[in-house]
Peer 1: 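Structure provided below as structure tokens; questions to follow.
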Amino acid sequence: MRLKGIILLSLSAALVIIGTHLTMTQGITFSYPVFMFAVALLFWYKYLKTKWAEQDEQSSQGQEGKKKRK
């Protein structure tokens with residue numbers, strides 16, 4: 001896992017914990033934006049993970065093509 005992925009997952013987990021605390025102390029109305037931001041970070045992580053997998057696949061295919069040519 002890359003550093004950016006670790007940071008995104010850590011931030012989203014922290015925001016879920018903060019949102020849970022806000023829900024218990026102040027209600028769902030105040031914690032809703034925090035939860036939505038956590039979900040947005042999770043979606044961003046999923047997008048980056050898919051993009052990284054495609055890049056790794058393309059780079060491995062490129063290396064296999066070079067090996068076959070030689």
Peer 1: With rounding to the nearest 0.5 angstrom, report the CG to CG distance, L9 to L42.
Peer 2: 6.5 Å
Peer 1: L15 and A38: which non-hydrogen atoms are nearest, and at how many Å?
Peer 2: CB-CB, 3.8 Å
Peer 1: Please collect all salt bridge (charged side-chain N to carboxylate O under 4.0 Å, His left out) contacts where either partner lies in residues 30-54, sequence neighbours excluded, each pair once.
Peer 2: none
Peer 1: Supply the atom-to-atom distance F43 CZ to M36 CE, rounded to the nearest 0.5 angstrom.
Peer 2: 9.0 Å
Peer 1: Working to the nearest 0.5 Å, report the span between CD1 of I18 and CZ of F37.
Peer 2: 10.5 Å
Peer 1: Do L48 and I6 land in one hydrophobic cluster if side-chain heavy atoms of ILVMFWY residues count as linked below 4.5 Å?
Peer 2: yes
Peer 1: Between E57 and W52, is there a side-chain heavy-atom distance shorter than 4.5 Å?
Peer 2: no
Peer 1: Would you compute the distance between atom CG of L22 and atom OH of Y32 and round it to the nearest 0.5 angstrom?
Peer 2: 15.0 Å
Peer 1: Can you name the one residue among V39, L41, I7 that meets side-chain contact (heavy atoms from CB on, under 4.5 Å) with S12?
Peer 2: L41
Peer 1: Is there a side-chain contact between V34 and T23, using heavy atoms and a 4.5 Å cut-off?
Peer 2: no
Peer 1: List the atom of F35, the atom of V16, and the distance in Å for their closest heavy-atom pair.
Peer 2: CE2-O, 3.8 Å
Peer 1: If you compare all heavy atoms of S31 against all heavy atoms of G19, which two are closest, and at what distance to 0.1 Å?
Peer 2: CB-O, 3.3 Å
